[in-house]
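A short worksheet on the structure shown next.
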Amino acid sequence: MSSFIKQIYNEQIKIYVRKPTWVMYFILFALIIGIAAITQTSGVNDNNENWEQVLEQDNEQSHETIQNLREADFSNEASIKVFEQTIERNNYRLENDIAPNDFGAWAFVEENVFLLSLVSLFTIIVAAGIIANEFKWGTIKLLLIRPLTRTQILLTKYISVLLFALWTLLFVWVSSLIVGMIFFGFEGFTATTVVNRPDGVQEVSLFSEVMRTYGFRLVNLVMMATFAFMISAIFRQSSLAIGLAIFLMFTGNTIVEFFANRDWAKYILFANTNLQQFSTGNIMFEGMTLGFSITMLIVYFVLFLTLAWTFFTKRDVAGE
Amino acid sequence: MSNVAMELSNVHKKIGKHEIIKGVDFSVYRGEVFGLIGPNGAGKTTTIRMMVGLLSITEGNIKILGKSIQKEYKDAISEVGAIIENPEMYPFMSGYKNLKHYARMHPGVTNERIREVIQLVGLEKRINEKVKRYSLGMRQRLGIAQALLHKPSILILDEPTNGLDPAGISEIRQYIRRLAEEENIAVIISSHLLSEIELMCDRVGIIQHGKMVNFESIGKSDDQDEDVIKLQLDVTPIDQAQDILSDQLQIESSVQKGFLSCQIEKDQVPAIVKTLVEHQVDVYQVVALKGTLEDKFFELTGENVIE
Ligand SMILES: Nc1ncnc2c1ncn2[C@@H]1O[C@H](COP(=O)(O)OP(=O)(O)O)[C@@H](O)[C@H]1O
Ligand SMILES: [Mg+2]
């Protein structure tokens, strides 16, 4: 094994041997069990024979809501679109006689996608500490005087953060699936669901839809982790990195909305992190395309890493 | 000379507007223990940080076995093992896990080698304990173990005697001498206390205000050389003795703490004793102080207490 690969292993050990990391996984697992138990006791809405009736009622309500939204002083196009899409899906089911699935493990996994905000938070904490802690502990000196360049040390640390994000995402996914199977049963790999696409409603595999949902969230996860990593590399201080990254994570969408009527709003990072908008057709700014967003994401990504690299490799490691 | 392990030429370091190192030149040879001595704030750690590439070099050059630490970093640093200031390790891992961590960063460090260095520094019994429970002395030992893992040609120890008791220092002295003599390693060892490392060094360089002010060889000169020594005489009557020395032997002496003391050449001692006895002076004690280096150090650094 090369020193580089071994160093990634070293970095992984340093993450996973520490108690704060175990606490993160414990919290995630406890939440998954807790959510399953609450969902169970509050009664799962398994669909009965008259599902057609249920969907039609749902449609009526949605129409009403849209009406109300239209009449309100503030017309919220995005919200209206969400209800319209629900109606479209319901109609597709009614026309093609596709009953909704009973609530099962896949549905549980898909609902738990909100836990990825917590995974983002944990990844930010790890990314913020991975360089800053070496300075705090004083171990940076012994880490850097090895036959690995600073660029290589930086890369092994960055890769280690991405691996942490990936393992943690997989942990949520797999735990939710297993816990979901135990509590609610399993729909199987052949189960399908109905989704909105830009060119109309489609019936797709439930499994692949769950994968897509998680996959799209990876973008935001990686960008926030990279941002926290950059701050950690520049300021060598983890609390600043955690604070800034979490602040941006929670205010990102608000920032975009605040500047929504400026021409440059679509260049803001957070206007581009939700790639799912191109999959559902519910796009934030007119004229934005998947290609545009991916280009913007790459620009930000390269900018973050270049700044991290410049500061980490060029600056002196002097005493305090 | 092909035996040069580390070579500093005209090394300067500026941080902000301050010039901390103002043109340092010296070489350290294989098999030699070189002491870098100077009061706190003299620039020892700064110089060492430049040697291992933690600090950039503002002007000048540092070469390790002929390789520039700046331009051929990987090749140069492979030859170096070091501890810099406090030997900080990952507190949440055991001593052994810490060593494994650093071992993975060098090609070819076997488990056998890890056991060897643990034995060398005498940490066998506590090696599986978490580092956060180690005393400073144990951390120093672990630090030295870590620095020796990859069999470096140059060992750099910044203030390794900090936190060690006299027994610990004497132990370090023994294995540092062995490393230099048996394995032909060049050892660079810094301290603000000359007395703590004088006995393990072949040569010392005295650094003050970012400049090397003197170099001294130690050891070999002790017995034979006609070096100037400092003589302390416990005699009565002391004033008379002082006059006799200046009249008969043209030796200037002074009275310090009840002793008559003078700087002389070693082969003058018998004549001094004989002359004093012949002039009915009672001689209780004749002490030759070999600490001429210490005097020089104080003289150069202008302080008696270095803290
Ligand atoms: N990061 C820094 N910025 C500015 N001055 C520094 C820095 N680090 C050290 N110094 C100054 O450089 C001088 C030498 O420090 P140092 O090399 O640590 O001395 P020593 O190791 O001999 O005690 C001191 O006067 C110290 O105040
Ligand atoms: Mg120092």
Side-chain angles (χ1 to χ4, degrees), chain A residues 1-24 125-126 129-157 159-160 236 238 310-320, chain B residues 13-16 20 41 45-46 48-58 69 72-94 97-109 130-132 139 142-143 146-147 149-150 152 154 156 158:
Chain A
M1 253 200 304
S2 78
S3 296
F4 186 77
I5 304 286
K6 283 190 194 163
Q7 187 50 25
I8 294 176
Y9 179 65
N10 267 344
E11 293 299 336
Q12 291 283 292
I13 288 180
K14 284 186 276 184
I15 294 174
Y16 282 102
V17 86
R18 298 188 58 219
K19 292 217 179 72
T21 314
W22 305 355
V23 172
M24 291 173 187
I125 292 172
V126 167
I130 200 158
I131 292 171
N133 282 344
E134 301 273 1
F135 280 91
K136 191 176 85 191
W137 297 325
T139 44
I140 188 74
K141 296 175 289 190
L142 292 186
L143 187 73
L144 291 182
I145 55 166
R146 309 287 156 184
L148 287 158
T149 60
R150 286 202 198 176
T151 306
Q152 285 175 317
I153 295 283
L154 187 80
L155 260 183
T156 57
K157 283 191 174 292
I159 290 169
S160 214
R236 301 170 173 185
S238 65
T310 308
F311 278 83
F312 188 73
T313 58
K314 305 286 182 233
R315 252 177 73 188
D316 276 349
V317 178
E320 298 84 54
Chain B
K13 178 66 188 176
K14 258 188 187 168
I15 296 185
I20 296 174
T45 301
T46 306
I48 287 171
R49 279 177 189 264
M50 283 192 281
M51 288 177 184
V52 296
L54 289 175
L55 295 182
S56 60
I57 302 167
T58 309
I69 188 69
E72 299 152 276
Y73 176 75
K74 269 195 194 184
D75 288 339
I77 203 73
S78 305
E79 302 290 344
V80 177
I83 50 175
I84 294 136
E85 290 189 316
N86 307 315
E88 287 127 334
M89 302 274 172
Y90 300 103
F92 48 85
M93 298 202 287
S94 69
K97 293 246 169 76
N98 268 283
L99 289 182
K100 276 294 270 189
H101 172 272
Y102 294 116
R104 284 189 203 101
M105 300 184 81
H106 294 276
V109 179
K130 291 224 167 96
V131 166
K132 65 176 162 213
R139 279 175 216 211
L142 190 62
Q146 157 281 130
L149 277 174
H150 53 292
I154 301 169
I156 301 174
D158 190 12

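Because the structure is a prediction, the values reported are computed rather than measured. All chains are named by letter (A, B, ...) in the order of the sequence lines, taking the proteins before the strands, and each is independently numbered beginning at 1.
Here B:Gln146 is the residue among B:Gln146, B:Lys100, B:Met89 with the most heavy-atom pairs under 4.5 Å with chain A. Ranked by heavy-atom pairs under 4.5 Å with chain A, the list B:Met93, B:Lys74, B:Arg104 is led by B:Arg104.
Contacts between B:Asp75 and chain A at a heavy-atom distance below 4.5 Å are absent for every atom of the residue. For a residue to count as touching a neighbouring chain, one of its non-hydrogen atoms must lie under 4.5 Å from one of that chain's; by this rule A:Leu143 touches chain B with backbone and side chain alike. Of the atoms belonging to B:Tyr73, it is side-chain heavy atoms, and not backbone ones, that fall under 4.5 Å from chain A.
When the salt bridge (Lys or Arg N to Asp or Glu O under 4.0 Å) test is applied to B:Lys13, the partners found at least two apart in sequence or on another chain are A:Asp316. Listed by chain and residue number, A:Ile140, A:Arg150, A:Ile153, A:Phe312, A:Val317, B:Leu54 satisfy the side-chain contact (heavy atoms from CB on, under 4.5 Å) test with A:Leu144 (two or more places apart in sequence, or in another chain).
The minimum heavy-atom distance between A:Phe4 and A:Gln152, with the atom names listed, is CE1-O, 3.6 Å.
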Decide yes or no on side-chain contact (heavy atoms from CB on, under 4.5 Å) for A:Asn133 and A:Lys14, but give the supporting numbers first. CA-CA 11 Å; A:Asn133 282 344; A:Lys14 284 186 276 184; over 6 Å; no
Could you please spell out the steps behind the side-chain contact (heavy atoms from CB on, under 4.5 Å) verdict for B:Val52 and B:Ile77? CA-CA 7 Å; B:Val52 296; B:Ile77 203 73; 4.0 Å; yes
